[in-house]
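Computed from a predicted model, the values in this text were never measured in an experiment. Just so we're on the same page: letters track the sequence lines, and every chain starts at 1. Computation of the quantities below employed the complete heavy-atom set of this structure, encompassing side-chain atoms and omitting hydrogens, waters and symmetry-equivalent molecules.
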Protein chains: 2
Amino acid sequence: MKEGPDISRVAALIGDPARANMLSALMDTRARTAGELSAEAGVTKQTASSHLAQLLDAGLVHRDVQGRHHYYRLAGPDVAAALEALMTLSDARAGRRLRAGPSDPSLRKARVCYDHLAGELGVLMFDRMTSGGWIGAADDALSVSDLGWKRLKQIGIESQDFEGTRRPQCRTCLDWSMRRYHLAGSGGNAVLERIFQNGWARRSKGSRAVVFTPEGEGRFRRWLEGSARRR
Amino acid sequence: MKEGPDISRVAALIGDPARANMLSALMDTRARTAGELSAEAGVTKQTASSHLAQLLDAGLVHRDVQGRHHYYRLAGPDVAAALEALMTLSDARAGRRLRAGPSDPSLRKARVCYDHLAGELGVLMFDRMTSGGWIGAADDALSVSDLGWKRLKQIGIESQDFEGTRRPQCRTCLDWSMRRYHLAGSGGNAVLERIFQNGWARRSKGSRAVVFTPEGEGRFRRWLEGSARRR
DNA sequence: GATATGGTTCGATTAGGATCGAACCATGAA
DNA sequence: TTCATGGTTCGATCCTAATCGAACCATATC
């Protein structure tokens, strides 16, 4: 019967509402203190401390101690991937039974998925990149094509920045709100960072939503369009 | 605080060992009766019935009633994807603390992941296909290239077989034992079916392992090599 | 030193849910 | 009809784990 790894242990950890809220809050790769997380989860700090100890023990989160503050963050991209897969499931199933509403519309339009862009704009970007030939299949999974590097350079991303990184440059990630793919991996991360640095958008405080300025969204879309014409 | 879908509900469902065992058993897309599943999970049929009712209510499994037999199967690929993501997590974390051993070696070499091939041979196949240019990025996610269709035809897969299917032809799926990608989607499914039809391998009874014959594994590898030379 | 604040540990309480025995229902066979 | 088998429902039991009050520890500030 017992085949492969034991899922139930880690699933049970995520199965508690308090812990699930904490993990969801950490999905944007930013670290939080234990106190902040207890507030996110809606429990006292004692309870939160207990939960965080379990998550730490299971290796789902890392802890950085700075002075009297304990900063927690997700242990890695694989944790975020599992959470995202569960969100995809939950969203599809919930939509069927009580049509949970668009939750937060801004969250569906653009949000941070671990360290890259998700939501409508994230899916749009992935579509344009693939149809325009910016990225293609290479030795392992996806990587950026020559044309892609040209386009990325337009917004300030250089290929040298990725030398020596073992992390795959591009990865697909299934979007829970769109149920289509968007771009993950270090490539996706680089684009998101650029979007912030260029002032096209900012992180919503206390939320995973990415808020584009009208100007920024226009520039972003025009940048993507540039490739569609050369299809 | 409450952002996006509620993960904890579905995670808690998977978090129970009995339910996790049932779901894991169903990962090969074959349906099982309630009785079989109760045996897989190691609980009485009353308990199993209660669990299955919950899984059914949450939309994680489907039920087909045939006579007095109730056949259960996974509700869809997204459920399998979430389970796979959790396996990836569990395997990585378990390996760190007690080096859970190779579990079942045959399982690591080749196994069924929902409806496609996973394990060492599955990852090998994906590597060869991408490095050889069989598949590439297209309008949406991955799809088969002209060269790819030629190669697939060699083993009896025709492009016409995929007309009108809305399901994406190719998808990446992270392998929990290899921690690399293998080929999922209808494309991955077609290859696996062919492998069985050609008699290269058979399903291990009562396990997700895929057992290749020496002859079959040789043919499979030689088929993949054909592309690598043309790299 | 004293005091405030962020976090963890301990202990007791409580509630949710997994479990199984027994009864019950439906299908199929005799 | 009677009997056997596969599944579900009901009810009672039992156990785990979430929760919080209170105490305790560590870091910072005065």
S.K.: Have a look at B:Tyr72 and say if it touches a base, only the backbone sugar-phosphate, or nothing, with a 4.0 Å heavy-atom cut-off.
M.R.: sugar-phosphate
S.K.: Given atom CG of B:Asp57 and atom P of D:dT9, what is their separation to the nearest angstrom?
M.R.: 12 Å
S.K.: Test side-chain hydrogen bond (donor to acceptor under 3.5 Å, both in side chains) on A:Gln46 and A:Thr44; report intermediate values, then the result.
M.R.: CA-CA 5 Å; A:Gln46 310 94 291; A:Thr44 64; 3.1 Å; yes
S.K.: Counting any heavy atom closer than 4.0 Å, what does A:Gln54 reach on the DNA or RNA strands: base, sugar-phosphate only, or nothing?
M.R.: sugar-phosphate
S.K.: Whole Å only: how far is the CZ atom of B:Arg68 from the C1' atom of D:dG6?
M.R.: 6 Å
S.K.: Hey, does the side chain of A:Thr47 come within less than 4.0 Å of D:dC20's phosphate (OP1/OP2), counting only N and O?
M.R.: yes
S.K.: Quick check: closest heavy atoms across B:Arg73 and B:Leu26, and the distance to 0.1 Å?
M.R.: CA-CD2, 4.2 Å
S.K.: Rounding to a whole Å, what distance do you find between B:Asp16:CG and D:dT16:C1'?
M.R.: 12 Å
S.K.: When the distance from CZ of B:Arg63 to P of D:dG7 is rounded to whole Å, what number comes out?
M.R.: 11 Å
S.K.: Roughly how many Å is it from CG in B:Asp64 to P in D:dG7, rounded to a whole number?
M.R.: 13 Å
S.K.: Taking OP1 and OP2 of C:dA18, is either one under 4.0 Å from a side-chain nitrogen or oxygen of B:Arg19?
M.R.: yes
S.K.: Between A:His51 (NE2) and D:dT16 (C1'), how many Å, whole number?
M.R.: 14 Å
S.K.: Who passes side chain to side chain donor-acceptor pair (under 3.5 Å) against B:Arg202, sequence neighbours left out?
M.R.: none
S.K.: Assuming nearest nucleotide by heavy-atom distance, tell me which of A:Thr44 and A:Gln66 is located more 5' along DNA chain D.
M.R.: A:Thr44
